[in-house]
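One structure is given here, and the rest of the page talks about it.
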2 protein chains.
Amino acid sequence: MQKSLSRAEKRQQKLDVILRNASKAFMERGYYKTSLDDIARMQNVTKPTLYYYIKNKEDILVKCEEVTCGRINEMLDDVMAEKVSGYDMLYNFITRYIPIITDDVARCHVRHRGQMEDPALAEKSIQNHKDIENRVREIIRRGIKDGSIRDCNSTILAILLFDSLNGLTSWYKSDGPVKEDELTSEVLKLVTEGVTGS
Amino acid sequence: MQKSLSRAEKRQQKLDVILRNASKAFMERGYYKTSLDDIARMQNVTKPTLYYYIKNKEDILVKCEEVTCGRINEMLDDVMAEKVSGYDMLYNFITRYIPIITDDVARCHVRHRGQMEDPALAEKSIQNHKDIENRVREIIRRGIKDGSIRDCNSTILAILLFDSLNGLTSWYKSDGPVKEDELTSEVLKLVTEGVTGS
DNA sequence: TTATAACGTTACTCGATAGTAACATATTTT
DNA sequence: AAAATATGTTACTATCGAGTAACGTTATAA
């Protein structure tokens, strides 16, 4: 039991707990139906304590977004650095995107993306997502160029892909009947081959 | 200028206008950021007047759902009555689902489905959607049986399909750069053939 | 023409909750 | 040990908005 975590580390850990608990509550009851008192109670603290870690209620959404987009972009850096076909890149992206997006904080971010009341924050949030979408479009374009992906409208494909993947967040439960492996492989098969029968 | 609309007709028309205006506002600003005063103002009436047409704020969501699910189910009755392959049925469903779902009232329903505060209403809303999803799964199963659709997990496919289609509601604008025809054909090609290149 | 129901208004109540002020305690650092 | 800072509390303010009461006014029907 080492207690020798620095203050900054403990602080960070507590913030993480707040984000996780808040995300969970927002996903179950919705942002507006969840009060800061509710969230505080989940940590066994009182509401003003939260303000030591967050600027205001909206800031929780902003921080969930920072964490999630950070993870996705790191993953994309990694995936796009490999010297493989566009199709393989897309395949790797999907495979690695699913476990990232089925986390509570990520689900919370997806559900509330671009919905901040402060217009500047909302704008930034939308831009964050567009940036990620653009990177995926770049993958698709490479695939079309090298012939590994069918010639299609990369914008529409990217959007449809994100819609299905992000849609997972509203129904997929890691403890539910569908296993993550099966889910990933069904998604990949659908994206790859479509539905057409033999 | 015939003024001879029955009371019931005029009443229905006014309700429709309320639903359209409310849906639009809910989609732009969100449900909780839109007050009943805001909605009333859009009709040039005052808040209490709304209560002549709706039971309460939530009832707007319920009524949007009734209208939309009604339309979808009628369409499904129609599509499923035809004597064609499962694949063709799915194709027809998608083609006809897109124009239905890109209407403001339908978009409002999709975005708020299952989010009523009254648990009984929320439950019913979720059930309504499950019923529709089950009918589409039935189409998919028929397609798998007759060989026109690849053998796959019909549940996951139905969900992924609805995710992409319903996802349209959050970005597709009928006056935007993407034409409905192009959208429909890209969606169909993706669902049919997947992304794989030649 | 009068009675009744439909439709609308103004002016209020009442609860919820985000955010804050002021104060208490623990923990580091000097 | 004393000073400074981090972390927490209780008790409050202030606002917003859903829903309602009470009261006109218009249109239909007897």
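The sequence lines fix the lettering, A, B, ..., with proteins before strands; numbering per chain opens at 1. All heavy atoms count here, side chains included; hydrogens, waters and symmetry mates do not.
For the pair B:K63 and B:D59, the salt-bridge criterion is met [side-chain N within less than 4.0 Å of a carboxylate O].
Note: NZ (A:K33) to C1' (C:dG15) measures 17 Å, nearest angstrom. To the nearest angstrom, C1' of C:dA16 lies 15 Å from CZ of A:R29. We find that OH of A:Y31 is positioned 10 Å from C1' of C:dA18, with the value rounded to whole Å. Summarising the geometry, the separation between OH on B:Y52 and P on D:dG24 is reported as 19 Å, rounded to the nearest angstrom. Summarising the geometry, the separation between CD on A:E9 and P on D:dA6 is reported as 17 Å, rounded to the nearest angstrom. One interatomic measurement links the two molecules: CZ of A:R11 to C1' of D:dG8, which rounds to 13 Å at whole-angstrom precision. What separates OH of B:Y51 from P of C:dC12 is a distance of 19 Å, to the nearest Å.
Close to D:dT7, at under 4.0 Å from its OP1 or OP2, lies no side-chain N or O of A:T49. Considering only side-chain N and O atoms, B:K14 lies under 4.0 angstrom from the phosphate OP1 or OP2 of C:dG8. Side-chain N/O atoms of A:T46 include one lying less than 4.0 angstrom from OP1 or OP2 on D:dT9. For A:Y53, a side-chain nitrogen or oxygen approaches OP1 or OP2 of D:dG8 to under 4.0 Å.
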Tabulated below should be each protein N or O lying under 3.5 Å from an N or O of nucleotides 21-25 of chain C; please produce it.
none

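One can find a donor-acceptor pair under 3.5 Å joining the base of D:dG19 and the side-chain atoms of B:K47.
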